[in-house]
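Just so you know, these numbers come straight off a predicted model, no measurement behind them. First the proteins, then the strands, lettered A, B, ... as listed; each starts at 1.
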Amino acid sequence: MLQVATIRENKIKIIEQLAVRNFTDAENIINQVIEKDTSRRTTQTQLDDALSESNKLSKEIGKLFQAGEVQKANLIKEKTSQLKELTKTLTEELSVFENEVTDLLYQIPNIPNELVPAGNSEEDNETIFEGGTIPKLHNGALPHWELAKKYDIIDFELGNKITGAGFPVYKGKGAKLQRALIAYFLDKNSDAGYQEVQVPHLINEASGIGTGQLPDKEGQMYHIGIDNLYLIPTAEVPVTNLYRNVLLKESDFPILHTAYTPCFRREAGSYGAHVRGLNRLHQFDKVEIVRIEHPDKSYNSLNGMVNHVKKIIVELGLPYRILRLCGGDLGFTSALTYDFEVFSTAQNRWLEISSISNFESFQANRLKLRFKNKDGKSELAHTLNGSSLALPRVLATLLENFQTKNGIKIPDVLVKYTGFDIID
RNA sequence: GGAGAAAUGGCAGAGUGGUCGAAUGCACUGGUCUUGAAAACCAGCGAGGGUCACACCUCCGGGGGUUCGAAUCCCUCUUUCUCCGCCA
């Protein structure tokens, strides 16, 4: 969430920038924030004064008791009782104002970076780079869900029995290929300086709030009621939350992590033909990269992350494009996002396999993730993350694009991980 | 799951109702000394709100309570440790 101080100081500019994401209610909400925060501060000052007075009197009472002047002490006690009533009222008022301000802040999305193009939907995303070549497939080339059946490497029906739709079972070379991809991605990330971490797959409420999944997107996560925990929708949540309530030194930057985790998403209301096969699942694997950065360096790092992911996709030999998300498609917490899409030849469509974002201080503010700057003041750090990569659609595209009449060829870089070079 | 103990500043560790935001040591930062380093000595050294800056307020695991006054007493939650049980 945004900081009230930032909102106060840049009100006009923020309203303008939020218009890029079609957030039309911005002016109204921002005015309310400022108004409520002013009340909050006034109340805070009144409360502080009352407490100050009360503290003074209490100390006096202490001294009087020690001096044995009980009567005088009792006289002052009456005064403090009145003050106590006052502080109680003010404390309640203060907490109401604080909650009102927080609730308002929760409704305001991150301020889009200047590079974010205006737009309403994914149609308006800006393609900034295309690479690789789309292969010519032989006659009778199949979509990946047919290939999965033909070579018996992914079973979509079997998962129905265990859990339900959207929980596929990977088998034999399918399972091995997926494991190979995970290992390959992790190695690439480690080589680029990202420290590997293994994190919990269940998160508590505070973690969900820290990275912005709660309270806004509660319905997207699986919730375990008995323990009030959520299954992670992405490794971003546990990994970024490693730094919740942390005060860093400037020399700690940059912080780079990579993690492999399964991801669980309810995907409520998104069934249909376009989500066949591996295109959209309730459980899928992903390798994530996360960075904690100095504010001056975060956009540089964002570009570095994009280049890093690009290299991996190029090595795999997939046709791809990089999109800069428009205001309408930009996530609530992000200031600038680049999506990678690969071309799934048999389906004749682009599939998103990575999304790389700079959240600036939006998450850091909720996380209370700060660092001591050169002036010795605490300042919010910047957080970034990206997929490198989401497995199912990479798998789908590999299967489709590298199919031949004799089987599915494994990209050279993966062979040392799979131990085989063809699925037949 | 049962029984007991504990949670204090970056770390260790005092503090059991009244000038305690908190002794002391280590670590860290600056300085003196030194050719340089170490050692020694001097000084500084938690966070948030608030202020032009002070003042002032809040925070001793989280929440609630008792009291004029709570790190200190009570309730509750969480976590950690020890013992027992169970177990990959």
Side-chain angles (χ1 to χ4, degrees), chain A residues 1-9 33-105 198-210 214 224-230 238 241-253 255 262 292 361 363-381:
Chain A
M1 70 189 158
L2 302 178
Q3 295 184 95
V4 178
T6 314
I7 292 176
R8 273 184 187 283
E9 286 157 27
V33 167
I34 294 174
E35 189 187 314
K36 293 291 180 191
D37 185 62
T38 306
S39 306
R40 196 218 90 220
R41 281 208 280 191
T42 310
T43 310
Q44 177 84 65
T45 311
Q46 288 170 353
L47 176 62
D48 285 357
D49 288 347
L51 285 170
S52 173
E53 182 66 19
S54 172
N55 285 345
K56 264 183 221 148
L57 291 175
S58 290
K59 280 176 187 169
E60 230 173 279
I61 291 171
K63 275 185 207 159
L64 288 173
F65 269 126
Q66 276 170 349
E69 302 193 59
V70 179
Q71 260 189 333
K72 273 192 188 169
N74 284 332
L75 223 64
I76 300 177
K77 265 197 198 184
E78 281 178 33
K79 266 200 231 170
T80 54
S81 320
Q82 286 170 16
L83 275 172
K84 213 182 169 186
E85 284 299 310
L86 181 63
T87 55
K88 203 180 162 193
T89 315
L90 286 170
T91 305
E92 280 162 12
E93 278 177 27
L94 182 65
S95 128
V96 170
F97 285 132
E98 278 171 351
N99 289 336
E100 284 176 342
V101 171
T102 308
D103 285 347
L104 288 165
L105 290 175
Q198 291 190 343
V199 289
H201 300 165
L202 290 172
I203 53 146
N204 56 28
E205 226 170 42
S207 297
I209 290 171
L214 295 174
I224 298 171
I226 192 169
D227 293 308
N228 195 24
L229 298 171
Y230 297 84
N241 270 282
L242 296 174
Y243 294 90
R244 190 170 79 235
N245 284 323
V246 166
L247 184 62
L248 298 165
K249 297 190 288 270
E250 281 209 27
S251 57
D252 292 330
F253 293 123
I255 293 169
I292 317 286
S361 60
Q363 290 183 328
N365 190 28
R366 289 203 191 179
L367 292 161
K368 291 200 168 57
L369 165 51
R370 295 156 303 168
F371 68 99
K372 272 261 189 259
N373 66 20
K374 288 193 179 73
D375 303 329
K377 292 248 161 91
S378 295
E379 190 177 333
L380 294 173

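- Here the straight-line distance linking atom CG of A:L380 with atom OG1 of A:T6 works out to 8.0 Å at 0.5 Å rounding.
- Searching all strands for a Watson-Crick or G-U wobble partner of B:G44 with both distances below 3.5 Å returns B:C28.
- The two residues A:N373 and A:E250 make their nearest non-hydrogen contact at CA-OE2, 3.3 Å.
- Nucleotide B:U82 forms a Watson-Crick or G-U wobble pair with B:A3, both donor-acceptor distances falling under 3.5 Å.
- A:L247 comes within 4.0 angstrom of the backbone, heavy atoms only, and of no base.
- With both pairing distances under 3.5 Å, B:A14 is matched to nothing as a Watson-Crick or G-U wobble pair.
- The partner of B:U51, taking Watson-Crick or G-U wobble pairs whose two distances both stay under 3.5 Å, does not exist in any strand shown.
- When every heavy atom of A:G210 is checked against every heavy atom of A:L367, the shortest pair comes out as O-CG, 3.5 Å.
- For the residue pair A:S207 and A:N204, a side-chain donor N or O sits within less than 3.5 Å of a side-chain acceptor on the partner.
- Across every strand in view, B:G69 sits unpaired, with no contact that passes the Watson-Crick or G-U test at under 3.5 angstrom.
- If you check every strand for non-hydrogen atoms under 4.0 Å, A:N55 touches sugar and phosphate atoms only.
- B:C11 and B:G62: their C1' atoms are spaced 23 Å apart (whole Å).
- Residues of residues 93-102 of chain A having a heavy atom closer than 4.0 Å to RNA chain B: none are found.
- For A:N245 and B:U79, the CG to C1' distance is 15 Å, given to the nearest whole Å.
- In this structure, a donor-acceptor pair under 3.5 Å is present between the side chains of A:Q44 and A:D48.
- Within 4.0 Å of A:T45, counting heavy atoms only, lies no atom of the nucleic acid at all.
- Of all non-hydrogen atoms in A:T80 and A:K77, the two that sit nearest each other are OG1-O, 2.6 Å.
- Projected onto RNA chain B by closest heavy-atom contact, A:K372 and A:K63 fall at different nucleotides, the more 5' of which corresponds to A:K63.
- Nucleotide B:G9: unpaired (no Watson-Crick or G-U wobble partner with both distances less than 3.5 Å).
- Note: CG (A:L51) to P (B:G48) measures 20 Å, nearest angstrom.
- Residue whose closest nucleotide on RNA chain B sits further toward the 5' end, between A:D49 and A:D37: A:D37.
- Between A:V101 and A:D37 the shortest heavy-atom distance is CG2-N, 3.8 Å.
- Distance, A:R40 CZ to B:U58 P: 16 Å, rounded to whole Å.
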Please list each protein N or O that sits under 3.5 Å from an N or O in nucleotides 67-75 of chain B, with the distance.
residue: B:C68; atom: O4'; partner: A:T80; partner atom: OG1; Å: 3.3
residue: B:C68; atom: O2'; partner: A:S58; partner atom: OG; Å: 3.1
residue: B:G69; atom: O4'; partner: A:S58; partner atom: OG; Å: 3.3

